[in-house]
Every structure is written in C-alpha cells, then in structure tokens.
Colleague: 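What follows is a single structure, and I will ask about it in a moment.
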Amino acid sequence: MNWGVFLEESPTGDGPYWKLALDGAKWTVLVSLGGWAIALLVGSLIGILRTVPNKLLVWLGDAYVELFRNIPLLVQLFLWFFVLPEVLPEAVGRWLKQDLPYPELTTAIIGLGLFTAARVAVQVSAGIKSLPRGQAAAGLALGFTRTEVYLKILLPQAFRIIIPPLTSEFMSIFKNSSVALGIGLTELVFQMRQMVEYSSVVIETIAVYTLIYIALALIVNRFMAWLERAVRIPGLIAGGGK
C-alpha cells in the first residue's frame with residue numbers, strides 16, 4: 001500500500017495530491033449546497049402548486065415534476081451546458097458560453113437544483129396533503145388569506161413531517177454532484193480519476209475519496225437530525241427526531 005502518495009506532487013502543477021482532493025471536495029460542497037438551496041426554493045413552490053385548488057396550477061406543478069424527474073441528470077446538464085446556448089439568441093448564447101462566471105459551476109448548481117427540486121416538490125406536496133383538510137378551512141374561516149394559510153399553518157407542519165425524506169435528498173445531492181464531471185467541473189470524482197490516471201495508485205485513491213464522501217454524508221445526516229430535534233413540537237405530529 002502506498003498511502004504516502006497523497007504527499008507527492010501531482011504532475012498537473014496544482015500541488016500535492018492531497019490538495020487535489022481538497023479542491024475537489026470544495027467544488028463538490030459548493031455545487032451541493034448551491035443546488036440544495038435552489039431545490040428547496042423551487043421544490044417548495046412546485047410542491048405548493050400541486051396542492052392548490054386550481055387545476056391549471058396543479059397541472060403545471062405535475063408537469064414540472066414529471067419532466068425533470070424522468071430525464072437523467074447527466075442529460076439535463078448536457079442540455080443546459082451544451083444545447084441551451086446554441087438555441088438561444090446569439091448574444092445570450094455567447095454570454096452563457098464566454099462571459100458567465102464559472103460556467104461549469106453555475107450550470108451544475110442550476111441543473112442539479114432543478115433536478116432535485118422535482119423530488120423535493122413531491123415530498124412537500126405529500127406533507128401538505130397529509131395534514132387534515134380542516135386546518136386550511138379553519139384558517140380561511142378565521143380570515144387568513146390562502147397565502148397566509150400556507151405560510152403560517154400548512155408549511156411549518158408539512159416541513160416537520162418531511163424532514164426524514166429531505167435528509168435523504170440532501171445526502172443524495174452530494175452523490176449526484178459527481179455527474180458534474182460530465183461538463184468539466186473538477187469535483188471529487190474528477191480529481192479521483194485524475195489522480196488514478198497520473199499516480200496509478202488505485203486502491204488507496206478510491207479508499208480516501210470514498211471516505212470523503214462518507215464524511216460529507218455523515219455531516220449532512222447529523223445536521224438534519226439536529227434540525228429535526230430542534231423543530232420538534234412534543235405532542236404534535238412529526239414528534240420524532242429520536
């Protein structure tokens with residue numbers, strides 16, 4: 001075994017191999033957290049649309065979920081990165097290809113966020129639908145607007161219910177970020193392949209990069225477990241978090 005290989009200089013000129021791993025972890029975390037922020041925002045909005053008493057809005061929410069959930073993530077990233085700039089007006093396409101800051105990172109964050117949002121939307125709508133219908137009716141009867149009913153009554157309870165599945169999605173987004181290597185982002189898997197290619201040290205390289213993924217997943221898992229306990233309301237629904 002040659003664990004000391006991580007202290008050796010890489011031929012890429014970017015420093016020792018451990019620095020490549022650190023850089024890869026940095027990009028993986030950036031893509032995952034950025035994608036998760038978009039997924040939570042867009043997924044919550046789409047999830048709400050799927051529960052409102054308006055068939056057109058429900059159809060639009062369902063269409064988003066079916067579209068983004070049934071197209072492989074790698075294909076979606078290719079569409080955003082390679083195809084979209086070609087079909088937009090020339091000036092916009094040129095900006096996307098040449099002037100957009102960190103185009104690989106930006107595309108990966110947006111693509112991963114919109115893909116994960118479809119899955120989050122299903123969980124949000126399921127959480128809202130699991131609540132007694134009388135709660136919304138009571139809120140409206142008390143004079144709340146429908147927006148206030150969602151913000152003050154339904155969503156706070158629904159999010160408590162769906163924290164466990166959201167934890168799985170949050171952990172999955174770190175693993176799914178590896179697909180970003182397809183558009184050239186130097187995330188963890190990209191750096192792992194590069195190190196294996198240059199050093200020919202396979203087992204040690206894969207073992208260390210696997211441990212990095214496990215460490216990231218454990219951090220997310222413990223954070224979400226803490227969040228679940230922090231928002232728990234004893235005696236009400238979703239009183240788990242043990």
Side-chain angles (χ1 to χ4, degrees), residues 24-51 57-84 96 100 102-130 150 155 158-190 212-228 231:
K26 178 187 70 176
W27 292 118
T28 291
V29 170
L30 280 175
V31 169
S32 302
L33 293 182
W36 184 241
I38 293 175
L40 266 185
L41 177 61
V42 177
S44 297
L45 293 174
I46 299 299
I48 291 171
L49 286 184
R50 300 179 80 220
T51 64
L57 294 180
V58 172
W59 182 87
L60 289 174
D62 290 343
Y64 179 94
V65 169
E66 295 303 323
L67 178 65
F68 281 87
R69 191 170 59 177
N70 291 304
I71 299 176
L73 176 57
L74 182 58
V75 174
Q76 292 189 33
L77 289 184
F78 283 163
L79 289 172
W80 292 122
F81 194 71
F82 296 112
V83 178
L84 183 63
L96 287 174
L100 179 68
Y102 303 104
E104 294 88 357
L105 175 65
T106 305
T107 303
I109 288 175
I110 294 174
L112 188 59
L114 295 180
F115 173 80
T116 309
R119 306 169 68 87
V120 172
V122 173
Q123 294 161 7
V124 171
S125 59
I128 294 173
K129 290 176 181 176
S130 70
Y150 272 98
L155 285 179
F159 273 112
R160 286 187 176 92
I161 295 172
I162 64 173
I163 284 180
L166 282 182
T167 300
S168 297
E169 288 303 326
F170 199 3
M171 295 168 68
S172 294
I173 205 168
F174 279 86
K175 293 175 283 186
N176 290 338
S177 67
S178 62
V179 177
L181 75 88
I183 58 173
L185 185 70
T186 55
E187 45 71 62
L188 274 172
V189 175
F190 183 98
I212 294 174
Y213 271 113
I214 292 174
L216 292 174
L218 284 176
I219 291 172
V220 170
N221 181 278
R222 291 300 83 199
F223 169 75
M224 294 299 286
W226 168 82
L227 180 64
E228 187 176 0
V231 301

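Residue numbers count from 1 along this sequence. What you see below is based on every heavy atom in this structure, not just the backbone, and it leaves out hydrogens, waters and symmetry mates.
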Colleague: Taking the side chain as every heavy atom from C-beta outward, state whether Y64 and L114 have any pair of such atoms under 4.5 Å apart.
Modeller: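 A side-chain contact exists here, since the closest heavy-atom pair is under 4.5 Å.
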Colleague: Under the side chain to side chain contact (heavy atoms under 4.5 Å, CB included) criterion, do L105 and V31 qualify, and how do the steps go?
Modeller: CA-CA 7 Å; L105 175 65; V31 169; 3.4 Å; yes
Colleague: Looking at residues at least two apart in the chain, or sitting in another chain, which of them share a ring-ring contact (aromatic ring centres under 6.0 Å, His included) with W226?
Modeller: F223
Colleague: Just how far is it from atom CG of L41 to atom CD1 of I46, taken to the nearest 0.5 Å?
Modeller: 10.0 Å
Colleague: Specify the closest pair of heavy atoms between L49 and G61, including all atoms of both residues, with the distance to one decimal.
Modeller: CB-CA, 4.5 Å
Colleague: Which atom pair, heavy atoms only, marks the closest approach of A180 to E187?
Modeller: CB-CG, 4.4 Å
Colleague: Looking at every heavy atom in both I48 and V124, which two are closest together, and how far apart are they?
Modeller: N-CG1, 4.4 Å
Colleague: Rounded to the nearest 0.5 Å, what separates atom CG in N221 from atom CG in L216?
Modeller: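 So the gap between those two atoms works out to 12.5 Å.
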Colleague: Any side-chain heavy atom of W36 sitting closer than 4.5 Å to one from L166?
Modeller: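 The answer is yes, as the side chains (C-beta and beyond) meet within the 4.5 Å cut-off.
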Colleague: May I ask you to check whether over 12 heavy atoms, not counting those of F82, lie within 6.0 Å of atom CZ?
Modeller: yes
Colleague: Are any side-chain N or O atoms of E169 and backbone N or O atoms of V120, one a donor and one an acceptor, separated by less than 3.5 Å?
Modeller: no
Colleague: Would you mind reporting whether I161 and S130 have side-chain heavy atoms less than 4.5 Å apart?
Modeller: yes
Colleague: Hey, what do you get for CG (L73) to OG1 (T116), rounding to the nearest 0.5 Å?
Modeller: 7.0 Å
Colleague: Show your working on side chain to side chain contact (heavy atoms under 4.5 Å, CB included) between V122 and R50 and close with a plain yes or no.
Modeller: CA-CA 8 Å; V122 173; R50 300 179 80 220; 3.9 Å; yes
Colleague: For a quick test of reading the model, state the closest non-hydrogen atom pair linking T107 to L77 and the distance between them.
Modeller: O-CD2, 3.9 Å
Colleague: Heavy-atom count check: over 12 atoms from other residues, nucleotides or ligands less than 6.0 Å from R119 CZ?
Modeller: no
Colleague: Rounded to the nearest 0.5 Å, what separates atom CG in L112 from atom CG in N176?
Modeller: 6.0 Å
Colleague: Donor-acceptor pair, distance only, cut-off 3.5 Å: does the side chain of Q76 make one with the backbone of I71?
Modeller: yes
Colleague: Nearest 0.5 Å, what's the CH2-CD1 distance between W80 and I109?
Modeller: 14.5 Å
Colleague: Check the pair F78, L74 against side chain to side chain contact (heavy atoms under 4.5 Å, CB included), reporting the backbone distance first and the verdict last.
Modeller: CA-CA 6 Å; F78 283 163; L74 182 58; 3.7 Å; yes
Colleague: Measure the CD1-CZ distance between I110 and F81 for me, rounded to the nearest 0.5 Å.
Modeller: 12.0 Å
Colleague: Considering non-hydrogen atoms only, spot the tightest contact between K175 and Y213 and give its length.
Modeller: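 Distance-wise, the nearest heavy atoms are CA-CE2, 4.5 Å.
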Colleague: Working note: F174 + L33, criterion side chain to side chain contact (heavy atoms under 4.5 Å, CB included); need CA distance, chi angles, decisive distance, verdict.
Modeller: CA-CA 8 Å; F174 279 86; L33 293 182; 4.3 Å; yes
Colleague: Please find the pair of heavy atoms, one from A25 and one from L188, that lie closest to each other, and give the distance.
Modeller: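 So the two residues come closest at N-CD2, 3.5 Å.
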Colleague: If the condition is salt bridge (charged side-chain N to carboxylate O under 4.0 Å, His left out), which residues does R222 pass it with, not counting sequence neighbours?
Modeller: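 So R222 forms no salt bridge (charged side-chain N to carboxylate O under 4.0 Å, His left out) with any residue.
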Colleague: Check whether any side-chain N or O of N70 sits under 3.5 Å from a backbone N or O of E66 as a donor-acceptor pair, and report yes or no.
Modeller: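 Yes; at least one donor-acceptor contact below 3.5 Å.
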Colleague: Identify, with sequence neighbours excluded, every residue that meets side chain to side chain contact (heavy atoms under 4.5 Å, CB included) alongside T51.
Modeller: S125, I128, K129, Y150
